[in-house]
Amino acid sequence: MIKYDVIVIGGGPAGLMAAGQAAGRGMKVTLLEKKYLPARKLGITGKGRCNLTNIAQINDFLSSFGKGAKFMRFALGRFANHDLISFFNELGVKTVVERGGRVFPFAQDAQVVVRTLINWAKNQGVEIRANTRVTRIITENGRVSGAIIKDSRKRPDGSETAQEKLLSAHSIVIATGGSSYPATGSTGDGYALAEEMGHGIVSVHPALVPLETRGSTAQKMQGLSLRNVQAEIFVHEKKQARGFGEMLFTHFGVSGPIILTMSKTAVQALNQNQKVTLTIDLKPGVTHTQLKSRIARVMHEQGKKKLINILKDFLPLKMIPVFVEQSGIDQEKQGNLVTAGEQKKLRMWCKELQLEISGYRSFNEAIITSGGVKLPEVNPKTMESRKVQGLYFAGEVLDIDADTGGFNLQAAFSTGWVAGISAGL
Ligand SMILES: Cc1cc2nc3c(=O)[nH]c(=O)nc-3n(C[C@H](O)[C@H](O)[C@H](O)COP(=O)(O)OP(=O)(O)OC[C@H]3O[C@@H](n4cnc5c(N)ncnc54)[C@H](O)[C@@H]3O)c2cc1C
């Protein structure tokens with residue numbers, strides 16, 4: 001039986017950081033990754049550009065974690081956003097800061113981050129075993145003692161063999177990620193491993209996820225992307241979330257940055273069978289009164305033109321046929337014949353376009369997973385389990401999720417850093 005000091009399960013950003021930190025402290029470390037390569041998800045982050053972190057000040061940073069802020073304060077205090085930026089800069093990855101404080105590699109290529117992190121971990125002395133899935137953790141007298149792995153190997157004829165083996169270690173870090181984008185390897189294994197160790201799991205749901213809408217209004221505008229709009233989520237007519245920026249219509253409903261950010265509120269409400277409505281303000285820069293006079297003025301000034309041509313002044317082209325169909329107004333009508341009631345319909349469409357949210361997309365399309373290993377059962381100063389000695393957690397497997405903007409990767413790196421150092425003591 002091979003003996004290690006530390007076994008890290010999962011080769012995402014949290015696992016690679018934990019393994020490298022433990023190995024850097026002289027520990028014999030193996031990192032077990034079930035896919036044929038580690039960090040598959042990291043390689044597709046930020047639309048392939050990898051939004052590493054955010055330069056927000058600590059309090060703003062923490063507020064992006066919602067109820068997980070208290071837990072994250074310790075890990076961020078020990079390995080903060082500026083530490084992560086220095087970490088990569090020292091390894092030769094230059095970074096740039098973009099809109100909203102988002103930090104990206106200067107090369108605008110997530111693969112640069114992946115390669116650098118894997119090489120760093122190897123140079124620290126980590127043994128990386130790919131195609132290796134952990135199926136069980138073994139304990140003795142309330143302390144971890146090893147892990148059972150399934151080692152998959154391809155034969156020259158293309159068929160696969162799988163062997164079970166026991167590896168021993170006195171510390172184990174679970175860094176298996178969540179359940180989103182399962183094709184990258186994050187299939188929720190860590191929740192089962194943690195449950196077997198006696199940990200509670202806050203039920204998991206897709207988060208930062210596109211939303212489905214009732215009816216065909218959104219579908220008819222699929223492909224249309226809106227900028228500088230304001231959108232609000234109402235739960236049973238009560239405003240619960242607001243976003244300003246970009247969104248888009250798809251074949252199933254709505255997506256884009258502001259929708260993803262507000263999706264958590266919608267998902268929670270839908271899971272409680274509450275009525276969720278999305279209201280879009282296409283012209284947040286003008287009030288209802290200002291828009292009312294503007295519509296009246298344009299209808300008068302362009303009174304001889306057909307309505308279908310005047311509408312281009314108010315709506316994106318892809319939206320016009322949908323507005324015409326739903327408002328029931330004759331598009332051939334001259335501008336000066338459009339009634340006050342019809343003008344109001346146009347104003348309401350511009351300022352308060354309403355879509356009922358009927359559902360959300362699956363884990364296959366969710367950027368992160370909400371829920372996970374219960375935070376009160378983990379020591380935030382060390383990431384060690386309060387139930388089993390020598391067991392640590394890092395990254396998305398924990399009940400932590402944040403807004404978009406680089407906060408989730410920072411959480412993985414910070415908790416990985418703390419877990420690795422604690423496991424390596
Ligand atoms: C499309 C997309 C874009 C994103 N963009 C950003 C972004 O720009 N900025 C940002 O901050 N966040 C982004 N995120 C979120 C971010 O990628 C995750 O929060 C982060 O990767 C979590 O890191 P992790 O190490 O905890 O888990 P993961 O990255 O999920 O890694 C877990 C690893 O564990 C392995 N594993 C699982 N089970 C086992 C097992 N039983 N045995 C062995 N190995 C196992 C998996 O194969 C996987 O490699 C994005 C997510 C997605 C899906």
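Indexing begins at 1, ligand by ligand and atom by atom, following the structure's order. In what follows, residues are counted from 1 in the order of the sequence shown. Just so it is clear, the model here is predicted, and its values are computed rather than measured.
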Any idea which atoms of ligand 1 are less than 4.0 Å away from a heavy-atom of [X]?
X: A14; result: 25 (O), 26 (O)
X: I368; result: 15 (C), 19 (O)
X: G395; result: 26 (O)
X: G12; result: 25 (O), 29 (O), 31 (O), 33 (C)
X: N408; result: 11 (O), 12 (N), 19 (O)
X: G10; result: 33 (C), 34 (O), 35 (C), 44 (N)
X: K35; result: 47 (O)
X: S186; result: 28 (P), 30 (O)

Per-residue contact class, [X] against ligand 1 - non-hydrogen pairs under 4.0 Å:
X: L52; value: neither
X: T132; value: backbone
X: E33; value: both
X: A412; value: side chain

Regarding [X] and [Y], is there a side-chain donor-to-acceptor distance under 3.5 Å anywhere?
X: Q326; Y: T217; result: yes
X: N271; Y: Y360; result: yes
X: D151; Y: T132; result: yes
X: Q219; Y: E212; result: no
X: E90; Y: S86; result: no
X: T30; Y: E127; result: yes
X: H288; Y: E352; result: yes

Based purely on interatomic distance, does [X] place a nitrogen or oxygen under 3.5 Å from a nitrogen or oxygen of ligand 1?
X: G46; answer: yes
X: K34; answer: yes
X: N51; answer: yes
X: V397; answer: no
X: D189; answer: yes
X: E396; answer: yes
X: L409; answer: yes

Point to revise | atom 51 (C) of ligand 1 - nearest protein heavy atom and its distance | key: I367 O, 3.2 Å
Exercise for review: List the closest protein heavy-atom neighbour of atom 53 (C) of ligand 1: residue, atom name, distance to the nearest 0.1 Å.
Suggested key: Y181 CD1, 3.3 Å
Exercise for review: Quick one: closest heavy-atom pair of V173 and A419, and the distance?
Suggested key: CG1-CB, 4.1 Å
Point to revise | Nearest heavy-atom neighbours spanning R129 and I2 | key: NH1-CD1, 3.7 Å
For [X] and ligand 1, answer yes if some heavy atom of the residue is under 4.0 Å from a ligand atom, otherwise no.
X: A175; answer: yes
X: L193; answer: no
X: I9; answer: yes
X: G11; answer: yes

Minimum non-hydrogen distance to [atom], winning option of [options]:
atom: atom 32 (C) of ligand 1; options: T176, V134, N54, T415; result: T176
atom: atom 29 (O) of ligand 1; options: G43, G177, P13; result: P13
atom: atom 4 (C) of ligand 1; options: L32, T45, L37; result: T45

Counting distance only, does the side-chain N/O of [X] pair as donor-acceptor with the main-chain N or O of [Y] below 3.5 Å?
X: R73; Y: A69; answer: no
X: K28; Y: K3; answer: yes
X: S263; Y: V209; answer: yes

Review point. Between F79 and W417, what is the ring plane arrangement, given parallel below 30°, perpendicular above 60°, and tilted in between?
Key: parallel
Review point. Does the ring centre of F363 sit less than 6.0 Å away from the ring centre of Y181?
Key: no
Review point. Between S180 and E396, is any pair of side-chain heavy atoms under 4.5 Å apart?
Key: yes
Check your understanding: Looking at E377, R386, K387, K374, which one forms a side chain to side chain donor-acceptor pair (under 3.5 Å) with H199?
Key -> E377
